[in-house]
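Side-chain atoms are counted along with the backbone in the values below, which use heavy atoms only and exclude waters and symmetry mates.
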Amino acid sequence: MSTLSPGLRPPPVRPAPAAAAPEPRAARFRLSPADRGVLWLYLLTRISLWITAHFARWLFPAQSGVREAAPVLAPFQHWDANHYLHIARDGYFPAGAGPGASGWDNREAFFPGYPLLLRAVHTVVPDWTAAGLLISFVAGAVAVLALARIARAYLPEEGAGHRTAVLFLLSPCAVFLAAGYTEALFLAFALPAWLAAMKHRWALAAVLTTFGTAVRVSGLFLAAAIGLLFLLSARTGRHWRSAGWTLLPALPPAAYNWYLHAHTGDWMAWKHAQERGWYRTFHPPWEAWANTWTGAFGGTQSTGYAFMFQAELAAMVVGLALVALLVRRRRWPEAVYVALSLWALGTSYWYTSVPRATLLWWPLWIGLAALSLRRPWFRTVYLCVAAPVTTLVALTFLTGRWAG
């Protein structure tokens with residue numbers, strides 16, 4: 001789904017000097033002109049996406065011959081958004097239902113952070129879909145602002161934050177940042193957590209990562225990366241007194257696992273739900289690649305599904321190339337984070353949601369921004385390729401088709 005030039009070499013992070021004076025608290029929340037520019041860009045891309053959704057409900061109705069457009073929010077009521085809505089509204093085991101029941105939707109495969117927040121916002125916003133969109137809208141603004149700040153810490157070039165935001169917000173799967181999915185909320189915790197860890201503010205990084213692990217299993221990958229960054233940054237005894245904070249992110253998954261066991265008697269209920277609903281039984285990476293390749297090019301799937309399997313393969317190649325380049329640059333924490341994500345996604349029966357996972361790989365977007373700043377032609381190529389792909393993926397999701 002995304003492209004990665006062989007010349008991409010993400011520059012090393014410049015951590016805050018050990019003796020640097022602490023940043024004033026007010027300055028941490030003050031928006032610079034660069035920050036405001038990023039937020040304006042974010043708002044404009046949201047407006048563009050909403051316009052696309054509006055036209056999609058008129059031009060691509062679910063049934064032919066209808067004379068009225070679908071409801072305004074109907075384009076966002078698809079796939080995982082419905083799972084989260086059902087969990088927030090009815091709980092994980094409504095009326096005693098659960099695994100083994102006829103028509104069970106395997107909802108225990110989804111972590112509770114997003115549904116809990118959705119239920120809370122619903123007390124103020126009566127429409128469930130609108131509540132989910134509001135969460136993603138606010139969380140997406142926090143995420144893109146943090147991403148731009150991280151980019152400015154990685155890259156010396158002027159405009160690095162804005163360029164990173166452009167490439168990220170126009171990435172092929174950007175529609176999921178606006179839908180009632182977990183990507184925006186997770187990044188709203190993960191990116192500020194990484195920013196805090198870069199400044200050696202370990203307690204804050206741990207707390208934010210803990211919120212992230214309540215939202216997605218990807219939070220554990222982030223916790224591993226921050227833990228490695230902590231080890232690599234170790235200098236003094238005072239530094240090691242913060243080591244306990246690195247264990248905090250394990251609490252939400254542990255508590256959720258205990259909750260599922262209490263209701264199902266199965267300590268592996270989350271994993272088993274993943275296997276039943278999404279074919280996430282363990283397979284060696286080469287088998288997962290072969291099965292996905294068959295789905296993409298073996299003529300076993302309809303053209304729409306075949307194309308999405310092709311996108312899965314392309315995204316996996318991008319991820320593997322990104323890990324190789326991060327290792328080459330000795331960016332070990334970032335490499336661990338992306339590699340764990342690839343392992344989790346690349347050891348199922350076939351690949352599912354790898355293109356969507358690219359949204360969570362912030363080194364990718366910063367690295368592409370670095371390349372475009374140093375090779376101006378790359379920005380033009382990227383935008384010419386990404387614009388139609390991003391639009392097609394958005395339309396695919398907004399019209400209820402599988403979009404990774």
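Residues Phe397 and Trp79 place their aromatic rings such that the two centres sit no closer than 6.0 Å. Proximity of the aromatic rings of Trp270 and Tyr256 is defined here by a centroid distance below 6.0 angstrom, and this criterion is not met. Centroid-to-centroid, the aromatic rings of Tyr181 and Phe186 stay 6.0 Å apart or farther. Centroid-to-centroid, the aromatic rings of Phe230 and Trp240 come within less than 6.0 Å.
Using cut-offs of 30° and 60° for the angle between ring planes, the Phe110 and Tyr84 rings count as perpendicular. Between Tyr349 and Tyr279, the ring-plane angle classifies as tilted under the 30° and 60° cut-offs.
Summarising the local packing, CD of Glu287 is surrounded by more than 12 heavy atoms from other residues, nucleotides or ligands at distances under 6.0 Å.
Between the side chains of Asn291 and His283, no donor-acceptor pair is found at a separation under 3.5 Å.
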Report the C-alpha distance between Ile87 and Tyr114 in whole Å, list the side-chain angles of each, state the deciding distance to 0.1 Å, and finish with yes or no for side-chain contact (heavy atoms from CB on, under 4.5 Å). CA-CA 10 Å; Ile87 296 169; Tyr114 182 88; over 6 Å; no
Steps toward side-chain contact (heavy atoms from CB on, under 4.5 Å) verdict (Thr246, Ile226): CA-CA 8 Å; Thr246 61; Ile226 290 180; 5.5 Å; no
Would you sort out whether Trp402 and Phe309 count as a ring-ring contact (aromatic ring centres under 6.0 Å, His included), showing the intermediate values? CA-CA 10 Å; Trp402 180 45; Phe309 278 119; 5.5 Å; yes
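Between Asp35 and Arg149, at least one side-chain N (NZ, or NE/NH1/NH2) sits under 4.0 Å from a carboxylate O, which counts as a salt bridge.
The distance from atom OG1 of Thr213 to atom CG of Leu251, rounded to the nearest 0.5 Å, is 8.0 Å.
Each of Leu147, Val142, Leu177, Val144 was scored for a side chain to side chain contact (heavy atoms under 4.5 Å, CB included) with Leu187, with one residue passing: Leu177. Residue Ser372 forms a side chain to side chain donor-acceptor pair (under 3.5 Å) with just one option from Arg379, Glu157, Arg163, and that option is Arg163.
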